[in-house]
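Quick notes on the structure that follows.
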Amino acid sequence: MRGNVIKYAQDNIDTDVIIPGQYLKVHDYAELATHAMEGLDPNFHSKVKEGDFILSGKNFGCGSSREHAPIALSHSGIKAVLALSFARIFYRNAVDGAFLLPIEIEQDAYDAISEGDEIDIDISTNEIRNMTKNKIYKMKPFSEIIGKIISAGGLFKYKPDQD
Amino acid sequence: MGKTLFEKIWESHVVVKKQNGPSLIYVDRHLVHEVTSPQAFDGLRLNKRKVRRPDLTIATMDHNVPTNDRSLPILDQTSAIQIKTLEKNCKDFGIKLFDINSPNQGIVHVIGPQLGITLPGTTIVCGDSHTSTHGAFGSLAFGIGTSDVEHVLASQTLWLEKPAPFEIRIEGKIKNPHAVTAKDIVLSIIKHIGTGGGTGTVIEYRGEGITDLSMEQRMTICNMSIEAGARAGLIAPDEKTYEYLRGREYTPKNFESMIGLWRDTLKTDSDAEFEKQFVLHVDDIAPQVSWGTNPGMTCDVTDSVPSADEFAKGDLNQKKGAEKALAYMDLKPGTPIEDIKIDRVFIGSCTNARLEDLIEASRVIKGQKISHHVRAMVVPGSQMVKKQAEEMGLDKIFIDANFEWREAGCSMCLGMNPDILSPGERCASTSNRNFEGRQGTGGRTHLVSPVMAAAAAIKGHFIDVRKMDLS
């Protein structure tokens, strides 16, 4: 997976700013995507490109359980969120619905990767390669079950009996 | 080694356990509302699946229902569609629904306990993060997203990795329980451990400071566990729990015969070990007021707004967060909290819209008028709370003070129904989240207890309610 980084250098990005409450009535995902990150960055929709990644700090996705949050990011073109840590419901929603990859990173990667950097994520080696800066960082590996659900393409495609 | 209450409930609900992996957990009760369920029902239809246990699934509409006159049509068409969709889904799949005209309608986390649907030792899920509320009854209850809602509808189970047990002990006695409340306890906890302090854990609240509380106060504490990042909050059931549930509409017929078993089993063993611990002494805690844009950005009412540096204690991201919060909230460091003027007051939400909350708030209001520059509303958590409050004459106390007395719903907690703040408006709110835009784009939220909100409505600014006569 290769793409460019949109960096929000802060902790505690909550699902209310990822997709504000007034849009929870919107069922059309393309329309929902036009409001992604609106509560934090009204320019997000105009700058995001297919295949981009978001980079952020601790406790990304805290607050409301709204699955609209990973859906809105996913339909904006975001393939992965890289963060120092995730709130658990957001993490689970992202994986179970196969909307995007929640990737936990270490402080070195968080500090070193800048807005606009092109990075390549390889989940088979748990490596993040910064193409712009020619550096490699380790990502925290997915747990066994999360890895399996991701490989299957979401919770409903995961067949536990075949384990 | 003994087991924690959480581990006992967990183990009694394991259907399948994978070695070194997750467990498939049985779900005893599934609560459904209009906002996070439509895609889940669509998924069932697409895959020609039924609801596995419609008898264990209960629905109501709370998030986007207007709280004005129920005889009027719903003007927002997208809300009206979501409400109609839930009606159709419940009809098609045979699920019990408390609709907008039902006397049992209300916020899902208020009606569950009130109807005796929430029971000790059970597992409860709902597509709503504040499902942690039900943990006050010794039930393992947590919020899920829509994909998981579909999974539970289809299978009555969920794959879960086991969270870590986290003990929070509340020690000591609150000196003035009318002025310092459960809301102040839980805000104090989050202020100390942070919004990520409970991530990956199930918190069990223990100690004298918890057993002293009523059931409704315990719900306020468990409700906000999610604001500390915890999966769930739990309190061991005791005689107050059983007394609360006795004789409610859906309390099971064999309730009395279950109590003996619950008394013996639903408690943490004396030699059990928690992976994490925190102790809060409540003897001298003050009423709490949030000043920032997450619930961890909270201070005593007697404090002043902190500077970003004071708050961050050297953490760069925390400093940036605090600077951004101060700018959004339009607050200057050093401003005494009591000098902050407010425009709106909201007494409501799944955190603080139960009968006891309204009784406590009404003590402050009685015989007084709200400040001329404040607009204030009370939104009871359920139609049943509203009816009980009216039977006690509380509605008159609020209306005489110029509060609006509304119909039940989530209302101004989350900015997705007609009850919202205008940009720049500052609100003393009894809800649970002060995120940017939570109560409406550009709205500024200060989280407080019902008593503190009521006092702020009267004074037009925050005030330490310990100075007031609340007897």
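Please read these numbers as outputs of a predicted model, since none were measured by experiment. The analysis underlying the following values was restricted to heavy atoms, covering all of them including side chains, and did not include hydrogens, waters or symmetry mates.
- Residue contact with chain B, scored on non-hydrogen atoms closer than 4.5 Å, is absent for A:Ile149.
- Residues A:Lys58 and B:Asp315 are paired through a salt bridge, judged by an N-O separation under 4.0 Å between the basic side chain and the carboxylate.
- With salt bridges taken as basic N to acidic carboxylate O contacts below 4.0 Å, none links A:Asp122 and A:Arg129.
- With chain B as the partner, the residue from A:Gln10, A:Lys25, A:Gln22 showing the most heavy-atom pairs under 4.5 Å is A:Lys25.
- Contacts between B:Thr131 and chain A at a heavy-atom distance below 4.5 Å are absent for every atom of the residue.
- Judged by a 6.0 Å distance limit and a 45° cone about the ring axis, A:Lys148 is not positioned over the six-membered ring of A:Phe142.
- When all heavy atoms of B:Phe6 and B:Lys162 are compared, the closest pair comes out as CZ-CG, 4.0 Å.
- With respect to the salt-bridge test (charged N to carboxylate O, under 4.0 angstrom), the residues B:Lys320 and B:Glu323 do not qualify.
- Contact of B:Asn47 with chain A is not made at all, since no heavy-atom distance falls under 4.5 Å.
- Only the side chain of A:Tyr110 has a heavy atom closer than 4.5 Å to any heavy atom of chain B.
- With a 4.5 angstrom heavy-atom cutoff, B:Ile144 touches chain A only via backbone atoms.
- Both the backbone and the side chain of B:Arg438 come within less than 4.5 Å of a heavy atom in chain A.
- Interface residue B:Glu436: backbone and side-chain heavy atoms are both found under 4.5 Å from chain A.
- In terms of heavy-atom pairs under 4.5 angstrom with chain A, the leader among B:Pro38, B:Cys126, B:Gly145 is B:Gly145.
- Counted within 6.0 Å of NZ on B:Lys88, heavy atoms from surrounding residues, nucleotides or ligands total 12 or fewer; the atom is thus considered open.
- Using a 4.5 Å cut-off between heavy atoms, A:Ile71 makes no contact with chain B at all.
- Only the side chain of A:Phe99 has a heavy atom closer than 4.5 Å to any heavy atom of chain B.
- Residue contact with chain A, scored on non-hydrogen atoms closer than 4.5 Å, is absent for B:Asn432.
- Annotation for A:Ile136: atom CD1 counts as buried by contact number, over 12 foreign heavy atoms lying within 6.0 Å.
- Note: B:Pro22 leads B:Pro22, B:Gly437, B:Gly321 in heavy-atom pairs under 4.5 Å with chain A.
- By the 6.0 Å contact criterion, NZ on A:Lys7 is enclosed, its count of non-hydrogen atoms from other residues, nucleotides or ligands being greater than 12.
- With a 4.5 angstrom heavy-atom cutoff, A:Asn12 touches chain B only via side-chain atoms.
- For chain A, no part of B:Gln439 is nearby; none of its heavy atoms comes within less than 4.5 Å.
- Contact count against chain A (heavy-atom pairs under 4.5 Å) is highest for B:Gln39 among B:His63, B:Glu227, B:Gln39.
- The only option from A:His68, A:Glu31, A:Glu38, A:Arg66 that meets the side chain to side chain donor-acceptor pair (under 3.5 Å) definition with A:Tyr23 turns out to be A:Glu38.
- Options B:Gly442, B:Ser147, B:Gly196 differ in how many heavy-atom pairs under 4.5 Å they form with chain A, and the most are formed by B:Ser147.
- Put simply, of B:Thr36, B:Asp148, B:Thr195, B:Asn64, the one with the most heavy-atom pairs under 4.5 Å next to chain A is B:Asp148.
- Within 6.0 Å of NZ on B:Lys84 lie no more than 12 heavy atoms contributed by other residues, nucleotides or ligands.
- Note on B:Gln318, B:His130, B:Glu34, B:Lys324: by heavy-atom pairs under 4.5 Å with chain A, the leading option is B:Lys324.
- Contact annotation for A:Thr15: neither backbone nor side-chain heavy atoms come within less than 4.5 Å of a heavy atom of chain B.
- Salt bridge A:Lys47/A:Asp41: present, at least one basic N to carboxylate O contact under 4.0 Å.
- For A:Asp28, the CG atom sits in a packed shell: over 12 heavy atoms of surrounding residues, nucleotides or ligands are nearer than 6.0 Å.
- When ring centroids are compared, A:His45 and A:His35 stay outside the 6.0 Å threshold.
- When heavy atoms are compared at a cutoff of 4.5 Å, A:Leu155 approaches chain B solely by way of its side chain, counted from C-beta outward.
- Heavy atoms of B:Leu160 lying under 4.5 Å from chain A belong to its backbone as well as its side chain.
- Only the backbone of A:Phe86 has a heavy atom closer than 4.5 Å to any heavy atom of chain B.
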